[in-house]
Amino acid sequence: MPELPEVETTVRVLRPTLTGREITGLHTEWPPHVATPPLPEMVVRIKGQTITSLDRRGKYILLHLSGEGTLIVHLRMSGHLAVVATDHPRHKHEHTILTLAPRPETPHIQEELRFRDQRKFGRLYLVQDPVEIVGKLGPEPLDENFSAADLQRLVAGRKRQLKPFLLDQSIVAGIGNIYADEALFYAGLHPLRQTDTLTEEEVNRLYTALRQVLLMGIEREGASIDLYVKPDGSRGDMQNAVVVFRRQGLPCFQCGRSIVKIRVGGRGTHYCAHCQPLPEDQP
DNA sequence: ACCGGAGCCTGTTAGC
DNA sequence: TGCTAACAGGCTCCGG
């Protein structure tokens, strides 16, 4: 499932190939992919637009367009973007296609941006102002301006289990199930820990752990655990560095005891009961 | 404010 | 062996 590091990797790979490219058309075999505006309007408005730059905000991919609008892509569970030659065989789950004008230096090579999405949860949005879509997101955890004090402020006044707290995109953007579990392990915090019981030192640990696992994920170009692969189809490397995610029954790298799996807020949650203890006075 | 559950999807896996 | 049911999870919406 693409989270911040997977989306960041996708953007970094696509940026050189997509910057400056003109979109000549949009075609979809799965209309629900187009969230807004309605499909016919999307088709008309996207045509002829040039991609001026690419950005990431949380788990959203932002393609800024010459017409002052922004095409936003969310990969959700199984989304995958790649620029491929038009005559390349179509993959079964490539439901939405953005055709591209050839690069000036290779006018004979026809390419297109393909949105592959096995689970069909992905979405496209074309908006004048990205704030319409990403405005509800919390701060970027890797932003240089995001400090431990900021996380302290986000924790303050909230009474919530840590795991759902981390997955809430309106608090901090980009964290998903893998990196939440990984960060909690490095912070030595139990996923059911209530936010209002955290000490300043514990929040500082969480802050450091969050940034550490997200940076590790980016360095390793994402975790190819389920369907995620890089745009070129190659695998990331973060799956070889996870310490708790989907490691239930396997020994903790720190203490050797078995990693356990529970459900928290409907999500599979993996942790080491010894290294991430829940204080006696917590429910 | 927060929690749990349903719903959206399909491929894989667990269980009978 | 073959079928069905459960599971995986990012996000939104709903009711409590």
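All chains are named by letter (A, B, ...) in the order of the sequence lines, taking the proteins before the strands, and each is independently numbered beginning at 1.
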**Q** What are the residues of residues 155-170 of chain A, sorted by number, that bring a heavy atom to within less than 4.0 Å of DNA chain B?
**A**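 Nucleic-acid contacts, sorted: A:Arg158, A:Lys159, A:Arg160, A:Gln161.
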**Q** Where does the angle between the aromatic ring planes of A:His93 and A:His91 fall among parallel (under 30°), tilted (30 to 60°) and perpendicular (over 60°)?
**A**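 Aromatic pair A:His93/A:His91 classed tilted.
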**Q** Among C:dA8, C:dG10, C:dT12, which is the nearest nucleotide to the side chain of A:Lys59?
**A**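 Between C:dA8, C:dG10, C:dT12, the one nearest the side chain of A:Lys59 would be C:dG10.
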**Q** Quick one: are the ring centres of A:Phe185 and A:Phe245 less than 6.0 Å apart?
**A**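 Distance test on ring centres: not under 6.0 Å, no.
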**Q** Please report the distance, rounded to the nearest Å, between CD1 in A:Ile133 and P in C:dC11.
**A**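 In whole Å, C:dC11 P lies 13 Å from A:Ile133 CD1.
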**Q** Suppose we call a contact any N or O donor and acceptor under 3.5 Å apart; does that hold for the side chain of A:Arg267 and the base of C:dG10?
**A**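 Looking at the base of C:dG10, it does pair with a donor or acceptor on the side chain of A:Arg267 (distance under 3.5 Å).
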**Q** For A:Met1, which contact category applies under a 4.0 Å heavy-atom criterion: base, sugar-phosphate, or nothing?
**A**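 Result for A:Met1 = sugar-phosphate.
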**Q** In the hydrophobic clustering (ILVMFWY, side-chain contacts below 4.5 Å, transitive), which residues join A:Leu137, or is it alone?
**A**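 Same cluster as A:Leu137: A:Tyr60, A:Leu62, A:Ile72, A:Tyr125, A:Val127, A:Ile133, A:Val134.
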**Q** Any salt bridge linking A:Glu6 with A:Lys230? Criterion: basic side-chain nitrogen under 4.0 Å from a carboxylate oxygen.
**A**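 Judged by the 4.0 Å cut-off on N to carboxylate O distance, A:Glu6 and A:Lys230 do not form a salt bridge.
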**Q** Under 4.0 Å between a side-chain nitrogen and a carboxylate oxygen: does that hold for A:Arg114 and A:Glu112?
**A**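 Counted as a salt bridge, because a side-chain N and a carboxylate O are separated by less than 4.0 Å.
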**Q** Between A:Glu111 and A:Arg21, is the closest basic N to carboxylate O distance under 4.0 Å?
**A**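 A:Glu111 and A:Arg21: salt-bridged.
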**Q** According to the 5.5 Å centroid and 30° plane-angle thresholds, does A:Phe121 stack upon the nucleobase of C:dC11?
**A**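 Here the ring of A:Phe121 and the base of C:dC11 are not stacked, as the 5.5 Å and 30° limits are not both satisfied.
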**Q** Kindly give the heavy-atom pair with the smallest separation between A:Lys59 and A:Pro2, and that separation in Å.
**A**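 In this case the closest contact between A:Lys59 and A:Pro2 is CD-O, 3.8 Å.
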**Q** Checking contacts here: which listed nucleotide (C:dA8, C:dC11, C:dT12) is nearest the side-chain heavy atoms of A:His74?
**A**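 Nearest nucleotide to the side chain: C:dC11.
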**Q** Would you indicate what A:Phe245 reaches in the nucleic acid, counting non-hydrogen atoms under 4.0 angstrom: base, sugar-phosphate, or nothing?
**A**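 The answer is sugar-phosphate, as A:Phe245 gets under 4.0 Å only of primed atoms, P, OP1 or OP2.
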**Q** Starting at atom CG of A:Leu227, determine the distance to atom P of B:dC9, rounded to an integer number of angstrom.
**A**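 Result: 17 Å.
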**Q** List every contact pair, protein side and nucleotides 10-13 of chain B side both N or O, where the distance is under 3.5 Å.
**A**
residue, atom, partner, partner atom, Å
B:dT10, OP1, A:Lys120, NZ, 2.7
B:dT10, O2, A:Arg119, NE, 3.4
B:dG11, OP1, A:Lys92, NZ, 3.1
B:dG11, OP1, A:His93, NE2, 3.1
B:dG11, O4', A:Gln118, OE1, 3.3

**Q** Give a yes or no on whether the ring-centroid distance for A:Phe115 and A:His33 is below 6.0 angstrom.
**A**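 For A:Phe115 and A:His33, the ring centres are under 6.0 Å apart.
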**Q** Round to a whole Å and report the spacing from CZ of A:Arg193 to P of B:dC2.
**A**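 Distance check: A:Arg193 CZ to B:dC2 P gives 17 Å.
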**Q** Between A:Lys163 and A:Asp181 (salt bridge meaning N to carboxylate O under 4.0 Å), is one present in this structure?
**A**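 Salt bridge present between A:Lys163 and A:Asp181.
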**Q** Examine C:dA8: is either OP1 or OP2 under 4.0 Å from a nitrogen or oxygen in the side chain of A:Arg263? Give yes or no.
**A**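 For C:dA8, OP1 or OP2 has a side-chain N or O of A:Arg263 closer than 4.0 Å.
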